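It should be emphasised that the depicted structure is a prediction, and the values quoted were computed from it without experimental measurement. All ligand and atom numbering here is 1-based and tracks the order in the structure.
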Amino acid sequence: MDPKGQKVKLNDGHFIPVLGFGTYAPPEVAKRDALEFTPFAIEVGFRHIDCAHAYQNEEQIGQAIRSKIADGTVKREDIFCTSKLWCTSFRPELVRPALEKSLKSLQLDYVDLYIMHYPLALKPGEELYPKDENGKLIADSVDLCHTWEALEKCKDAGLTKSIGVSNFNHKQLEKILNKPGLKYKPVCNQVECHPYLNQSKLLDFCKSHGIVLVAFGALGSQRIKEWVNQNHTVLLEDPVLCAIAKKNKQTPALVALLYQIQRGVVVLIKSFNKKQIKENIQVFDFELSPEDMKAIDGINRNIRYNEILFGVGHPEYPFSEEY
Ligand code: NAP
């Protein structure tokens with residue numbers, strides 16, 4: 001098998017490529033850059049593309065995928081495309097229309113994976129972050145299990161092959177897993193995960209329930225000012241990571257990516273830079289020794305770059321729990 005096509009089996013029988021191309025960028029560049037760099041990522045070998053309604057560039061990614069199908073680089077079935085249900089569409093009757101909107105933008109008949117972006121139901125409407133007159137986020141009182149049932153219906157309708165969640169803590173996962181009449185378990189939980197936040201407890205929990213952990217921010221996030229505390233240490237400058245990279249004649253970025261793959265985590269990497277996109281697909285060209293893996297385990301500091309500050313105070317804010 002072409003190592004670039006390395007995949008893991010999900011609990012519903014479908015397969016997910018272990019390396020995925022992230023597509024989030026700040027709004028001022030998100031559309032333009034997605035259109036330029038997504039086709040390039042497909043050309044160099046990325047087959048898993050991570051999108052979301054909230055990134056506001058699904059239309060450009062749809063165009064990119066279509067262009068690579070049209071020129072014969074890939075077939076639809078070669079691409080694993082994820083989209084995410086935004087929090088303002090958690091009421092069950094809004095779930096399918098939200099997915100249909102993403103499908104229309106992506107120019108696809110189905111996505112491979114549809115996930116709840118955060119466990120934070122928000123007031124329905126056009127605003128991504130609805131706020132009251134005091135600037136306070138307006139939560140919506142939707143039971144996450146009811147949203148999940150609507151996702152199950154989307155899977156049954158063939159609009160998505162698999163369904164999962166993102167940014168859920170283990171109690172929120174348990175709530176879905178213990179739901180009376182559960183038809184499908186979440187196939188994945190997509191969360192921030194890197195050597196400074198290695199999520200070992202959540203990973204063990206997910207593995208014990210057949211749920212794949214998908215890592216975002218694997219290089220320490222994009223450090224976007226409005227989301228990330230700029231005082232946090234820069235992951236890719238970590239001395240242990242740099243020493244392991246030097247020893248293996250690789251970059252710290254590749255070491256951080258491979259660390260996830262070797263511990264059974266599916267890893268996303270965003271790059272809108274051709275040199276770095278090409279570099280990132282080289283992750284399959286080397287191996288980390290058990291000693292390297294152990295040393296990287298040892299640098300965990302529980303640094304969460306993406307604290308989801310907008311959700312603090314929401315009754316379902318996920319990070320009040322240890323994991
Ligand atoms: P990331 O993948 O950790 O990337 C961080 C930065 O690393 C990028 O800005 C990129 O800059 C740079 N980079 C990429 N390759 C590199 C390399 N080889 N060497 C050095 N630097 C490199 O950050 P992320 O965007 O936060 O996470 C990845 C994806 O996960 C997102 O794009 C999105 O699809 C998803 N995500 C999901 C959630 C969620 O709530 N579910 C949250 C955040 C992200 P350049 O572009 O300049 O290369």
Using the ring of [Y] (Phe, Tyr or Trp, six-membered ring only), decide whether [X] places NZ or CZ under 6.0 Å from its centre and within 45 degrees of its axis.
{"X": "Arg32", "Y": "Phe37", "result": "no"}
{"X": "Lys270", "Y": "Tyr24", "result": "no"}
{"X": "Arg304", "Y": "Phe319", "result": "yes"}
{"X": "Lys155", "Y": "Tyr184", "result": "yes"}

Which ligand 1 atoms are under 4.0 Å away from a heavy-atom of [X]?
{"X": "Gln190", "result": "35 (C), 36 (N), 37 (C), 38 (C), 39 (C), 41 (N)"}
{"X": "Glu279", "result": "18 (N)"}
{"X": "Asp50", "result": "33 (C), 34 (O), 35 (C)"}

Taking 4.0 Å as the limit for heavy-atom contacts, which would you say applies to [X] with ligand 1: side chain only, backbone only, both, or neither?
{"X": "Ser271", "result": "both"}
{"X": "Ile277", "result": "neither"}
{"X": "Val191", "result": "neither"}

Considering non-hydrogen atoms of the protein only, which is the closest contact for [atom], and what is the distance?
{"atom": "atom 3 (O) of ligand 1", "result": "Leu219 N, 3.0 Å"}
{"atom": "atom 36 (N) of ligand 1", "result": "Tyr55 OH, 3.4 Å"}
{"atom": "atom 29 (C) of ligand 1", "result": "Gly22 CA, 3.8 Å"}

Please determine if Ile269 has a nitrogen or oxygen closer than 3.5 Å to a nitrogen or oxygen of ligand 1.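 No, Ile269 has no N/O under 3.5 Å of an N/O on ligand 1.
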*Look only at interatomic distance and state if Leu236 has a nitrogen or oxygen under 3.5 Å from any nitrogen or oxygen of ligand 1.*
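N/O-N/O distance below 3.5 Å does not exist for this pair.
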Out of [options], whose heavy atom sits nearest [atom]?
{"atom": "atom 6 (C) of ligand 1", "options": "Ala218, Gly20, Ser221", "value": "Ser221"}
{"atom": "atom 17 (C) of ligand 1", "options": "Ala253, Ser166, Ala30", "value": "Ala253"}
{"atom": "atom 16 (C) of ligand 1", "options": "Lys278, His194, Gln276, Lys84", "value": "Gln276"}

- [ ] Quick one: sort the Tyr196 and His194 rings into parallel, tilted or perpendicular, breaks at 30° and 60°.
- [x]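 Perpendicular: the ring planes of Tyr196 and His194 meet at over 60°.
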Under 30°, 30 to 60°, or over 60°: which ring-plane class applies to Phe310 and Tyr118, parallel, tilted or perpendicular?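 The rings of Phe310 and Tyr118 stand perpendicular, inter-plane angle above 60°.
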Using modelled atom types and a 3.5 Å cut-off, is there a donor and acceptor pairing between side-chain atoms of Lys68 and backbone atoms of Glu43?
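No, the answer is negative, given that no donor and acceptor are paired below the 3.5 Å cut-off.
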Is the shortest distance from a heavy atom of [X] to ligand 1 less than 4.0 Å?
{"X": "Tyr305", "value": "no"}
{"X": "Tyr118", "value": "yes"}
{"X": "Thr251", "value": "no"}

Any side-chain heavy-atom pair of Asn169 and Leu202 under 4.5 Å |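 SC-SC contact between Asn169 and Leu202 ruled out.
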Discussion item. Between Val234 and Tyr259, is there shared hydrophobic-cluster membership here, with clusters defined by ILVMFWY side-chain heavy atoms closer than 4.5 Å?
Written reply: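 No; tracing contacts between hydrophobic side chains, which count when under 4.5 Å, never links both residues.
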Between Tyr114 and His53, is the ring centre distance below 6.0 Å?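 Between Tyr114 and His53, the centre distance exceeds or equals 6.0 Å.
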